[in-house]
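Any value given below was found using the heavy atoms of this structure, including those in side chains, with hydrogens, waters and symmetry copies removed. Just follow the structure's listing: the first ligand is 1, and inside any ligand the first atom is 1.
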Amino acid sequence: MTRGLSLRLEVFDDAEAAGAAAAEAVAAALSSATRPVLGVATGSSPEPLYRHLARTVTPGVFSDLEVFALDEYVGIDPAHPESYHSVVDRTVSVPLGLDAARVHVPDGSAPDPHAAAARYERAIVAAGGIDVQILGIGGNGHLGFNEPGSPFDSETRVVQLAAETRNANARFFPKEDDVPTHAITQGLATIAAARSLVVIATGEAKAAAVLAMSTGEISVDCPATLLRTHPRAAVFLDRAAARLIPSFEAPDLSERMVMEFHP
Ligand code: F6R
C-alpha cells in the first residue's frame, strides 16, 4: 500500500484471485504489528479472502490475534445462523483457529443496544485500535452499515438499515421481512481510524458503487468515498466490479489513485 496516494485499486480476473491478493495484504500488514488487531467484515465479498488466509497461514500464527467485527444486527439471537456472531465464528474464527475470547462482535441482543455500541467503541480503543480493517462495499456505497448520509465523524452506534441493504441481505433469511431493521455498526470515524484498510468488492452488482467510490465527489452520499481520504487503503476488485472505472491513465484520476491490472 502506498502512502501519499489516496486509493490503490488492484483488479484481478476473478473474485478468488482478488481474495487471495487481499489475504496476502492482510497477512503482510498483520505481521508488522506487535499485538495485531484485525477488523473483519461479514458478507460474501471477503469469503475468498478468509479461505485463502486459512489455507496459507502457518497454524498457530494467529494465536494472539485480537479480532473486532464490523457490525451486528440488532435484536438477533447470537446463536441465529445468520447473526454476525455466527458468521464470524463460521468464516473467520474456526478456519483461522482463533481464540474465541479474543473475537469481539457487537452485542446486538443487549437490552440497551446504544450502550452496547458505546462499549464496543471503547473496547476497540482499549485494544490499541485496529491495525487492519477488512471491508466490503454495499451496492449503495455503504461501509459497515454506515448507509448513505452517515457522518464521516460517526462512531460505533445503532443505525437503521436502508431498504436496499435489507433487500440485498434477504438472501440470508427465509424472507425479506425477517432481515433485521437495525444494526450496531462501527462508525465511519472508527473505520477511518484503522491503520490500514483492505477493501474487497467483486461482481457486477458492485460496479456502480466502485465507480462512485473511485471517481465521485467525496461525500456522505457515498460513504465509500471516505476511503480516498485514508493514507493506507487498498481495494481489491474483480473485472466485473471494476468494469465502469475509466482507465487509470486518465489524468484526472492519476493523482488520486493507482490502478494495477493483474490479468
Ligand atoms: C458486512 C458489512 C457490509 C458488507 C457489504 C457487502 O459486515 O458491514 O458493509 O460488507 O454489505 O456485502 P457483500 O459482501 O455480502 O456483498
Side-chain angles (χ1 to χ4, degrees), residues 14-16 18-19 22-23 26 38-51 67-74 76 78 80-93 103-108 117 120 124 130 132-150 154-173 176 179-188 190-192 194 197-210 212-213 222-227 233 235-238 240-242:
D14 56 30
E16 277 305 314
V26 168
L38 176 66
V40 294
T42 53
S44 307
S45 311
E47 284 177 358
L49 186 169
Y50 299 137
R51 279 201 303 274
V67 170
F68 286 89
L70 202 46
D71 37 28
E72 174 62 291
Y73 295 117
V74 165
I76 200 166
H80 187 292
E82 295 306 331
S83 78
Y84 287 172
H85 272 87
S86 299
V87 175
V88 167
D89 196 48
R90 202 162 58 231
T91 61
V92 182
S93 307
V103 179
H104 312 276
V105 181
D107 184 0
Y120 198 71
I124 292 173
I130 291 174
V132 189
Q133 175 67 58
I134 296 168
L135 294 166
I137 300 173
N140 63 358
H142 74 205
L143 292 180
F145 280 135
N146 295 280
E147 304 287 18
S150 298
S154 51
E155 296 191 337
T156 305
R157 69 201 187 291
V158 176
V159 292
Q160 184 168 5
L161 301 184
E164 188 179 347
T165 300
R166 293 186 69 224
N167 178 269
N169 288 7
R171 68 193 195 278
F172 299 118
F173 292 87
E176 190 169 334
V179 182
T181 56
H182 290 74
I184 296 176
T185 183
Q186 287 188 32
L188 290 173
T190 321
I191 291 169
L197 305 178
V198 170
V199 187
I200 184 149
T202 52
E204 187 82 27
K206 300 298 168 65
V210 166
M213 168 193 79
C222 177
T225 57
L226 174 76
L227 300 171
V235 185
F236 296 84
L237 303 169
D238 67 354

Taking all atoms of both residues into account, what is the closest heavy-atom pair of [X] and [Y], and its distance?
X	Y	answer
V74	P180	O-CB, 3.9 Å
V88	V103	CG1-CG1, 3.8 Å
S86	P81	CB-O, 3.5 Å
D14	D238	C-CB, 3.6 Å
E164	G139	OE2-C, 3.6 Å
A22	I200	CB-CD1, 4.2 Å

To which of I137, I134, V87 does the heavy atom nearest atom 6 (C) of ligand 1 belong? I137
Looking only at non-hydrogen atoms, the one of G43, G39, S45 nearest atom 14 (O) of ligand 1 is S45
Proximal atoms of ligand 1 relative to [X] (non-hydrogen, under 4.0 Å):
X	result
D71	1 (C), 2 (C), 7 (O), 8 (O)
L70	8 (O)
S44	13 (P), 14 (O), 15 (O)

Nearest neighbour in protein (non-hydrogen) for [atom]:
atom	value
atom 10 (O) of ligand 1	G136 CA, 3.4 Å
atom 9 (O) of ligand 1	G144 O, 2.7 Å
atom 5 (C) of ligand 1	H142 NE2, 3.4 Å
atom 1 (C) of ligand 1	T42 OG1, 3.2 Å

Of Y73, F172, F173, the residue whose pairing with H80 passes ring pair (Phe, Tyr, Trp, His ring centres under 6.0 Å): F173
In the structure I gave you, are the side-chain heavy atoms of T42 and D71 within less than 4.5 Å of one another anywhere? yes
What part of R171, side chain from CB on, backbone N/CA/C/O, both or neither, has a heavy atom under 4.0 Å from ligand 1? side chain
Are any of the heavy atoms in K206 under 4.0 Å away from ligand 1? yes
Closer than 4.0 angstrom: is that true for some heavy atom of E164 and an atom of ligand 1? no
